[in-house]
Amino acid sequence: MNQNTFLVVMAGGIGSRFWPFSRTHLPKQFHDVMGVGRSMLQLTVDRFREICPPENVFVVTNRDYMELVQQHLPELPADQILGEPIGRNTAPCIAYASYRIAKRNPQGIIIVTPADHAVLHEDEFRAIIRKAVDVAQNHEVLLTLGIQPSRPDTGYGYIQYIDEDGKSGLPKGLEKVKTFTEKPNLELARMFVDSGDFLWNSGLFVWRADAIIHAFHQYLGDIAEVFDEGVNDLGTERETDFITQAYTRCRNISIDYGVMEKADNVYVLPADFGWSDLGTWDSLHRMGHHDADNNVVDGDALLYDTRECVIKTPSERLVVVQGLDGYIIAEYDNVLLICKRTEEQRVKEFVADVKSKKGTGYN
């Protein structure tokens, strides 16, 4: 285990595409989505236990969720839970954690991960992360992990890379990033996959603290200026007040758009470790355990003439399903959702309609 390795878990999103489980008061990262007895946040931190010492783990979340983080990770000291006053996308989130870590160890290697992704092959995952950590420790590069695409999925961002064949002087297997493309249409996604030089954007990053802060100064100088001014407040009793003020001055911008698309030292490490961002019900169907009729069931259910469904319901509720093909049946709290899997992109529309017609108690 490398004592200079730090983990930053981004756990502030709501995940509305996973409604009705993911709700404003209890987002997806705090649910046992995989049905294994651990929340997505807990599984994320578990995944790095052999890589990063516990005192180097930081979780960045909305201040409304800080108590939830503490409940799910009771071993994590309160000062390692960083609360954002408002959502400002991933760039300010990463700047906050990176400046906090750099103050303690400017040469520290930072791994940034979302809190709600699934990994099936954890040994392969850790091997890739260790390789990325070794590279970041010895080179001023910004690394991201790219996933070998298995299908033309329109729900993921894509990374195009250039095969430099060792010309960069970096270890074999790293590729220079050419372009980032956010969630393309199906025709474009097919072209990307067919070309063979595109990867899915995992949202996982590895870099040295000084390297990412240098990149903020180069490409997001306004955000760097904010944190430069308050760096002495970080890690003190003045931190909360400083962050409250700082976030009013930070743009709402992603790290991909603000830094990664502009920097010339961005490399991708192609990987394949059974990854999914579990952003949708269909992704849960792909990742879950299938019965003989290709259903994924988490709950007490009796199925008749039913196939290709994903069913996630409370364990105390008996659910009987007959004659459905390719449906989502999901119940949580006071909402039951029944929707065709092929129409799941409408879930956000459903949430908006529920909010406007039924009030805020359901979202």
Side-chain angles (χ1 to χ4, degrees), residues 1-13 15 27-61 65-83 90 93-94 96-98 100-105 107-138 143-147 202-209 212 235 269 271-278 284 287-289:
M1 186 181 295
N2 189 331
Q3 298 297 317
N4 291 326
T5 301
F6 293 79
L7 176 66
V8 174
V9 182
M10 299 184 292
K28 177 179 62 171
Q29 57 268 28
F30 301 107
H31 285 275
D32 175 16
V33 174
M34 298 294 288
V36 295
R38 300 283 282 172
S39 69
M40 298 303 295
L41 175 60
Q42 290 169 327
L43 289 173
T44 300
V45 174
D46 290 348
R47 202 171 294 139
F48 289 91
R49 289 201 189 280
E50 298 176 18
I51 292 172
C52 180
E55 64 271 18
N56 290 2
V57 174
F58 291 86
V59 176
V60 188
T61 190
Y65 304 143
M66 291 178 74
E67 188 174 331
L68 273 172
V69 172
Q70 192 74 79
Q71 290 171 13
H72 283 246
L73 301 172
E75 73 280 7
L76 200 67
D79 71 345
Q80 291 172 226
I81 303 172
L82 310 184
T90 54
C93 163
I94 289 171
Y96 180 9
S98 298
R100 176 78 180 272
I101 291 166
K103 188 176 180 183
R104 180 169 142 193
N105 184 348
Q107 296 294 306
I109 302 100
I110 300 173
I111 305 165
V112 180
T113 179
D116 53 0
H117 290 186
V119 171
L120 292 183
H121 310 305
E122 297 208 341
D123 287 343
E124 289 93 328
F125 173 80
R126 282 187 280 269
I128 288 287
I129 290 292
R130 287 190 177 102
K131 180 175 181 178
V133 166
D134 287 343
V135 173
Q137 187 168 8
N138 297 302
L143 299 182
T144 183
L145 269 60
I147 309 300
S202 70
L204 281 153
F205 307 104
V206 183
W207 41 52
R208 274 202 327 263
I212 188 61
L269 191 55
D272 186 7
F273 40 72
W275 171 90
S276 172
D277 74 349
L278 281 184
L284 178 59
M287 295 289 285
H289 176 73

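Numbers here are sequence positions counted from 1.
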Worksheet item: Passes side-chain contact (heavy atoms from CB on, under 4.5 Å), V8 versus V60? Steps please.
Response: CA-CA 7 Å; V8 174; V60 188; 3.9 Å; yes
Practice prompt. Carefully, step by step, assess Q137 and R208 under the rule side-chain contact (heavy atoms from CB on, under 4.5 Å).
Written response: CA-CA 6 Å; Q137 187 168 8; R208 274 202 327 263; 5.5 Å; no
Discussion item. Applying side-chain contact (heavy atoms from CB on, under 4.5 Å) to D79 and R100, what does each step give before you reach the verdict?
Written reply: CA-CA 11 Å; D79 71 345; R100 176 78 180 272; 3.9 Å; yes
Item to complete: Start with the C-alpha distance between T113 and F48, add both sets of side-chain angles, then the distance that settles side-chain contact (heavy atoms from CB on, under 4.5 Å), and finish with yes or no.
Response: CA-CA 10 Å; T113 179; F48 289 91; 3.9 Å; yes
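Every residue was checked against the ring-ring contact (aromatic ring centres under 6.0 Å, His included) condition with F58, not counting sequence neighbours, and none meets it. Residues passing the side chain to side chain contact (heavy atoms under 4.5 Å, CB included) test with N4, sequence neighbours excluded: N2, N105, I109. For D134, there are no salt bridge (charged side-chain N to carboxylate O under 4.0 Å, His left out) partners two or more places apart in sequence or in a different chain. R126 pairs by the salt bridge (charged side-chain N to carboxylate O under 4.0 Å, His left out) definition with E50, E122, D123, not counting sequence neighbours. Scored by the ring-ring contact (aromatic ring centres under 6.0 Å, His included) test, Y96 finds no partners at all (sequence neighbours excluded).
We find the CE-OG1 distance between M10 and T61 to be 11.5 Å, quoted to the nearest 0.5 Å. The structure places CD1 of I51 at 5.0 Å from CZ of R130, a figure rounded to the nearest 0.5 Å. Between the OG atom of S39 and the CG atom of L73 there is a distance of 7.0 Å, given to the nearest 0.5 Å. Interatomic distance, T5 OG1 to N56 CG, rounded to the nearest 0.5 Å: 7.5 Å. Annotation: the span from Y65 atom OH to L41 atom CG amounts to 13.0 Å, rounded to 0.5 Å. With values rounded to the nearest 0.5 angstrom, L204 atom CG is found 11.0 Å from I128 atom CD1.
A 4.5 Å side-chain heavy-atom check between F205 and I110 finds every atom pair outside the cut-off.
Between the side chain of S202 and the main chain of L145, a donor-acceptor pair closer than 3.5 Å is present. Looking only at distances, a side-chain donor or acceptor of Q42 sits under 3.5 Å from a matching main-chain atom of H72.
Considering every non-hydrogen atom in both P114 and G203, the closest pair reads CD-O, 3.5 Å. Nearest heavy-atom pair across V57 and Q80 is O-NE2, 2.7 Å. Across V206 and A136, no two heavy atoms sit closer than the pair CG1-CB, 3.9 Å. Counting all heavy atoms, side chain and backbone alike, R47 lies closest to V119 at NE-CB, 3.7 Å. Heavy atoms only, all atoms of each residue included: L120 and M287 are closest at CG-CE, 3.5 Å. Of all heavy-atom pairs spanning P54 and L76, the tightest one is O-CD1, 4.3 Å.
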Output side-chain donor-acceptor pairs under 3.5 Å for residues 27-34, partner residues at least two apart or in another chain, one line each.
residue : atom : partner : partner atom : Å
K28     : NZ   : D116    : OD2          : 3.2
K28     : NZ   : L278    : O            : 2.8
Q29     : NE2  : A11     : O            : 2.9
Q29     : NE2  : G13     : O            : 3.0
H31     : NE2  : F21     : O            : 2.7
H31     : NE2  : L26     : O            : 3.0
D32     : OD1  : G35     : N            : 2.9
D32     : OD1  : V36     : N            : 2.9
D32     : OD1  : G37     : N            : 3.4
D32     : OD2  : V36     : N            : 3.3
D32     : OD2  : G37     : N            : 2.8

